[in-house]
Amino acid sequence: MSMLHTVNKSPFERNTLESCISLAVPGSAILLIEDGVIGAMANTKHSEMVKAAMANVKIYVLGPDLKARGLNEGNVVDGISVVGYGEFVDLTTEHSAVQSWL
Amino acid sequence: MEDGDQVIKKFMYMNRKAPYGTIYAWESLEVVLIAAAFDQDISLVFADDGVYQLMKDQNTEEVGMKNFSKTYSALGDYDIKKIYIEQESLEERGLSLEDLQGLKYEDEDDDWAEKDSIILVSRAELAKVIDEQDVVFSF
Amino acid sequence: MAIEVDGQSYETDEEGYLEDLNQWRPELGSAMALADGAPLDENHWEVINFLREYYEEYQIAPAVRVLTKAIGKKLGKDKGTSKYLYELFPYGPAKQACKYAGLPKPTGCV
């Protein structure tokens with residue numbers, strides 16, 4: 001079983017997402033929450049890094065946090081899955097452990 | 001600049017953080033609304049992740065927080081007429097002015113005509129505007 | 001603190017502002033005003049309803065200066081004066097009317 005990483009900081013403000021991507025082993029999952037959802041958006045300075053990461057890890061983004069910020073679910077990087085609170089819970093139970101990056 | 005015996009100072013509020021993840025955006029807005037009572041020369045800046053504060057169609061129902069994006073449209077009522085948005089910050093995020101809500105004020109000296117409060121500036125132009133301020137508050 | 005109306009109890013803060021603005025009903029505003037010793041007439045209600053609409057649109061209660069200007073525009077110049085509003089709400093138009101309207105105390109209220 002693999003680990004679920006959650007990232008709640010914007011990639012423009014902290015290097016949390018970058019660190020998480022470089023330290024997550026292949027096969028693990030990253031869930032973007034709170035200001036971390038900014039990292040899911042296409043056509044930003046950080047989109048390429050996120051796209052490249054998806055060769056090794058699965059990336060999810062929390063829909064309610066996108067909506068709160070007026071960010072369109074249709075504009076996330078291809079391959080990222082938008083999930084709700086119910087699926088957030090499922091993800092935490094499906095993985096061996098949850099690592100919350102700060 | 002002087003108005004009678006009262007000195008008018010240039011106050012700038014610099015907003016650089018996304019809304020909701022931290023309290024900075026809302027705190028800044030509250031401070032601005034209070035400070036507006038003191039008739040100073042106020043301007044707001046939205047740069048870096050601060051540009052996300054003005055995104056259209058914010059819907060906070062599911063996260064259970066107050067959607068204060070509606071409050072920005074009241075700034076005109078508070079005589080806040082200068083809202084600078086940094087072009088490069090939008091570009092780095094794949095955004096344009098179209099993605100942000102429009103903000104207006106009514107010009108008392110022009111028969112209450114509605115005018116745009118938003119001023120799109122380059123990083124270099126913004127640097128000059130910041131340099132002209134008496135006080136800059138950072139959020 | 002709490003206020004009782006029609007046998008039901010509503011939570012308020014120590015200054016009498018309703019804790020949950022979704023619980024508000026006109027009867028609550030009337031009861032609060034009666035408790036303060038001054039029943040509401042239609043002129044009070046004009047202002048209270050205006051404040052509720054303003055809050056719905058902007059998510060804040062306006063400062064007195066903003067309220068005065070906006071009331072003048074909406075209800076006529078003769079009503080858009082602080083004299084008129086203070087006569088209706090002697091404890092401060094924004095403060096007192098917001099309380100009866102079930103809204104939080106205005107930001108930067110002076």
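Computed from a predicted structure; not experimentally measured. Naming: A, B, ... by sequence-line order, numbering from 1 per chain. Any value given below was found using the heavy atoms of this structure, including those in side chains, with hydrogens, waters and symmetry copies removed.
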**Study point:** Donor-acceptor contact below 3.5 Å, side chain C/E46 vs main chain C/I71
**Key:** no
Review point. Side chains of B/E114 and B/Y105: does their closest heavy-atom pair fall under 4.5 Å?
Key: no
Review point. Do the ring centers of C/H44 and C/Y100 come within less than 6.0 Å of each other?
Key: no
Review point. Which of residues 119-139 of chain B have a heavy atom under 4.5 Å from any heavy atom of chain C?
Key: none
**Study point:** N-O pairing of C/K74 and C/E53 below 4.0 Å
**Key:** yes
Practice item. Let me know if B/A36 has heavy atoms under 4.5 Å from chain C in its side chain, its backbone, both or neither. Key: both
Check your understanding: Going by the angle between their ring planes, with limits at 30° and 60°, are C/F50 and C/Y54 parallel, tilted or perpendicular?
Key -> tilted
Point to revise | Exercise: do C/E4 and C/Q8 side chains pair donor with acceptor under 3.5 Å | key: no
